[in-house]
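Everything numeric in this text was worked out from a predicted model, so none of it was measured. So that the names make sense, note that chain A is the first sequence line, chain B the second, and so on, each numbered from 1. These values consider heavy atoms only, across backbone and side chains, with no hydrogens, waters or symmetry-generated copies.
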Amino acid sequence: MSEPLTPEARTAAPTEPRHKRTNLRTRLRGWVPYLFISPFFVIFLVFGLFPLLFSVYLSFHRWEPAAGLAAMNWVGFENYVYIVLNDDWFHKSLYNTGWMAIVSGVPQHLVALPLAFFLHMAFKRWRNAVVGAYFLPFITSSVAISLVFSTLFSRDYGVINASIAALHELPVFSWFLPAQNIDWGQPQYTKWMISFVVFWRYVGWNTVLYLSAMQTIPKDLFEAATMDGATRWQQFRHVVLPLLRPMIFFAVTLTIIGNLQLFEEPFILTGGTGGIDQAGKTAAMHMYATAFVDGDFGTASAVAWLLFMLIAAVTWLNNKLLGQKEDKA
Amino acid sequence: MSATNAIALPAPHPRRTGLNVGQLTAHAIVLAGALLMLAPFYFMFIFATHSDREILSLPPPIWFGNHFDDNLKLLLERLPYWWQNLGWSVYVALAVTAANLLLCSLAGYAFAMFEFRYKKQLFVFVMGTMLLPSFVAMIPTALIMSGLGWMNQPKALIVPAACGALGIFMMRQYIASAIPRDLLDAARIDGCSELGIYFRIVLPLIGPALGTLGLVTFIASWNNFMGPLIVMRDMEMYTVPLALRSLQGTGQTPWGAICAGSSIAVLPLLVMFALASRRLIEGLTAGAVKA
């Protein structure tokens with residue numbers, strides 16, 4: 001991208017008188033930063049912005065891709081109206097998405113916050129190893145690990161059912177753990193299975209976010225609180241939580257945005273189908289299926305934009321609920 | 001709290017004493033949780049060395065077996081292009097990483113060290129692109145790639161990912177804090193060209209940041225599933241996640257082969273994490289914590 005600069009400067013150097021050369025350089029120098037940042041903008045315009053605009057355009061059309069671009073029919077908001085009113089699978093996938101977003105998302109933070117606090121206060125020597133163990137799922141291939149989980153979740157011989165059966169033998173657990181093997185492929189269990197894998201993948205990420213925010217809290221505050229006789233719980237409640245509010249807001253926002261576009265884990269865990277009765281099909285999976293299985297790109301684009309609007313709305317709501325208080329405090 | 005009774009010493013200030021039973025319990029829970037997080041990886045490696053019959057027995061195997069060869073053979077039977085798939089993954093990840101290191105550091109350098117018109121607005125725009133969810137661009141990206149004739153070609157994965165906003169942000173932060181402006185001015189006065197300054201002064205000084213960005217980018221590309229899912233049609237062009245995914249479905253599920261393939265796919269990441277976990281975590285949380 002910076003090619004135009006060097007050759008010109010090079011050819012200019014030996015022949016031009018010195019003051020002219022400086023002028024050329026000075027003139028070029030003004031363009032240097034733009035040249036340096038231009039690759040990003042070129043790539044974004046071609047592979048980012050243009051696809052987005054085209055997708056908006058597409059969502060107002062009915063189109064059979066096989067028939068070529070000329071075969072696009074303008075249908076206005078028809079795709080949107082159809083999805084909102086009549087697309088039962090969209091409604092179901094939206095319900096699934098919301099269900100799993102909450103069931104996998106809320107525990108992530110309820111575990112990550114106290115865990116980060118405990119690691120911050122109590123763990124010394126082994127802290128990095130423990131943090132690493134919790135964080136590792138986040139960096140691993142979601143496809144590979146989801147496949148491994150589908151092995152672990154298999155009905156008759158899966159490790160997870162075997163563990164549940166073993167725990168069932170213990171008196172404490174027997175009253176709430178089932179005696180029979182669970183068939184995780186059955187609709188009533190699919191969402192639990194996916195939510196567990198999502199929880200497993202992201203709880204360490206949130207812990208690391210909270211841990212790094214806690215490290216910015218001055219040590220004196222904890223010392224002062226300890227001197228005043230505050231218990232650990234009181235320190236957590238009155239020192240950590242208020243100071244962490246911006247990070248909590250940020251991490252929850254990331255979780256919301258991520259969970260509402262859940263795709264890879266449910267896709268792999270249900271073999272790409274959404275599972276029996278589509279119990280594990282998410283909205284992003286529905287969009288994928290509408291486009292690449294049914295070949296209906298117009299409706300699929302409208303699904304994408306509806307989902308985008310939903311994410312924007314939930315993020316905005318979250319901002320109202322969690323983000324605002326921070327300013328007032 | 002009843003647990004504290006177990007300790008013989010009555011401590012007037014329980015908080016001040018080292019480890020009490022309550023704390024020990026908490027430690028135990030946290031450590032048990034850490035083991036639970038690692039358990040799937042453990043079983044993945046264990047199962048990779050067992051035949052399907054051994055995996056599907058009760059209790060499941062908990063130590064390495066000696067069927068890795070068979071599993072690998074089965075894997076290659078089901079995925080005849082496996083090594084080629086692995087090669088594409090490496091190639092794409094390295095190309096994306098190299099492109100990001102160069103282009104993001106150039107852009108980050110410009111945003112950190114130059115004054116120019118609309119700099120602030122342009123930077124806000126770059127950051128704003130991080131907010132766009134990837135799935136919205138999924139369909140038009142597929143159409144663009146087929147329009148360009150890039151279907152089934154690695155460049156369909158490399159070019160769009162060649163320069164990311166997070167990388168620019170990381171580079172800008174690091175360059176602004178690590179390189180004194182006077183140094184650059186001195187080089188300019190000595191007659192060094194702008195590209196010369198970048199290659200001779202900036203690049204050698206930002207090694208640590210390049211390392212972090214390289215790790216993060218490599219891992220993201222290695223794990224990318226949605227991209228290849230849309231643009232790679234033929235099995236010989238699949239990347240590793242896509243190849244693994246095609247083990248699912250028709251016929252009997254080859255558990256051992258799945259675990260063997262997954263192990264191969266995950267192993268490079270585990271090695272990288274073991275070597276540079278702190279730097280990696282810093283890189284991944286850079287946008288979150290410093291923003």
Side-chain angles (χ1 to χ4, degrees), chain A residues 2 5-6 9 29 32-34 36-37 39-40 43-44 47-48 51-52 54-55 58 115 118 122 128 130 132-137 139-145 147-149 151-152 157 159 162 200 204 208-209 212-213 226 250 261 263-264 268 271 284 287 291 297 300-301 304-305 308 311, chain B residues 15 23 26-27 30-31 34 37-38 40 43-44 47 56-60 103 106-107 109-111 114 116 122 126 129 132-133 135-137 139-141 144 159-160 162-163 168 193-195 219 222-223 225-226 241 244-245 248-249 255 258-259 262 265-266 269 273 277 280-281 285 288-289:
Chain A
S2 37
L5 177 69
T6 9
R29 187 157 286 162
V32 163
Y34 295 107
F36 284 2
I37 63 172
F40 175 85
I43 292 170
F44 179 74
F47 297 103
L52 288 180
F54 189 66
S55 157
L58 207 53
L115 179 63
F118 184 73
N128 284 340
V130 172
Y134 279 95
F135 191 73
L136 199 51
I139 64 150
T140 44
S141 156
S142 56
V143 173
I145 212 65
L147 282 168
V148 171
F149 263 108
T151 312
L152 301 181
Y157 304 99
V159 169
W200 175 83
V208 164
L209 286 184
S212 50
T226 315
F250 179 79
Q261 42 180 313
F263 179 78
E264 295 180 11
I268 301 295
M287 180 204 76
F297 281 69
S301 298
W305 284 105
F308 175 74
I311 292 175
Chain B
R15 284 183 308 278
Q23 258 193 316
H27 273 81
V30 168
L31 284 175
M37 302 305 283
L38 295 178
F43 283 112
M44 174 179 75
F47 287 178
L56 300 180
S57 62
L58 279 177
L103 300 179
L106 268 176
Y109 168 48
F111 279 123
F114 287 84
F116 50 97
L122 288 169
V126 172
T129 61
L132 294 168
F135 70 90
V136 180
I139 292 161
T141 303
I144 289 172
V159 178
C163 186
I168 294 178
S193 71
E194 288 301 332
L195 270 184
I219 289 173
W222 184 263
N223 289 338
F225 176 62
M226 206 191 262
L244 279 179
R245 178 252 181 296
Q248 277 188 323
W255 302 116
I258 282 180
C259 286
S262 300
V266 167
L269 306 177
F273 191 70
S277 61
L280 194 63
I281 292 176
T285 54
V289 183

Self-check item: Donor-acceptor under 3.5 Å (B:Asn223 side chain, A:Ile139 main chain)
Solution: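 Yes.
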
Practice problem: Check for a donor-acceptor pair, side chain of A:Tyr134 on one end and backbone N or O of B:Val30 on the other, with a separation under 3.5 Å. | Solution: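 Judged by distance alone, yes, a pair lies under 3.5 Å.
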
Practice problem: Answer yes or no: is there a side-chain heavy-atom contact under 4.5 Å between B:Ile139 and A:Ser55? | Solution: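 No - every pair of side-chain heavy atoms lies 4.5 Å or more apart.
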
Practice problem: Could you check if a side-chain atom of A:Val148 sits within less than 4.5 angstrom of a side-chain atom of B:Phe47, using non-hydrogen atoms only? | Solution: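 Sidechains of B:Phe47 and A:Val148: no contact.
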
For the residue pair [X] and [Y], what are the closest heavy atoms and their distance?
X	Y	result
B:Ile144	A:Pro51	CD1-CG, 3.4 Å
B:Gln248	A:Gly271	OE1-CA, 3.4 Å
B:Pro133	A:Gln261	CB-NE2, 3.5 Å
A:Ser141	B:Leu269	N-CD1, 3.7 Å
A:Gly132	B:Phe273	O-CE2, 3.6 Å
B:Ser262	A:Leu147	OG-CB, 4.4 Å

With respect to chain B, which residue among [options] yields the maximal number of heavy-atom pairs within a distance under 4.5 Å?
options	value
A:Ala144, A:Ala300, A:Ser301	A:Ala144
A:Tyr34, A:Phe149, A:Phe297	A:Tyr34
A:Pro137, A:Ala291, A:Ser142, A:Gly204	A:Pro137

Counting only heavy atoms closer than 4.5 Å, note whether [X] contacts chain B via side chain, backbone, both or neither.
X	value
A:Leu136	both
A:Leu115	side chain
A:Phe40	both
A:Phe308	both

May I ask you to name which of [options] has the most heavy-atom pairs under 4.5 Å with chain A?
options	result
B:Ala265, B:Ala110, B:Pro160, B:Cys259	B:Pro160
B:Ser277, B:Ala26, B:Ala162	B:Ala26
B:Leu38, B:Thr129, B:Thr141	B:Thr129

Quiz item: Parallel, tilted or perpendicular: which describes the rings of A:Phe36 and B:Phe114, with under 30° parallel and over 60° perpendicular?
Solution: perpendicular

Exercise. Could you walk me through whether B:Phe116 and A:Val32 pass the side chain to side chain contact (heavy atoms under 4.5 Å, CB included) test, one step at a time?
Key: CA-CA 9 Å; B:Phe116 50 97; A:Val32 163; over 6 Å; no

Exercise. Could you tell me which portion of B:Leu280 (side chain, backbone, both or neither) has an atom closer than 4.5 angstrom to a non-hydrogen atom of chain A?
Key: side chain

Quiz item: Between OG1 of A:Thr151 and CE of B:Met44, what distance do you get to the nearest 0.5 Å?
Solution: 10.5 Å

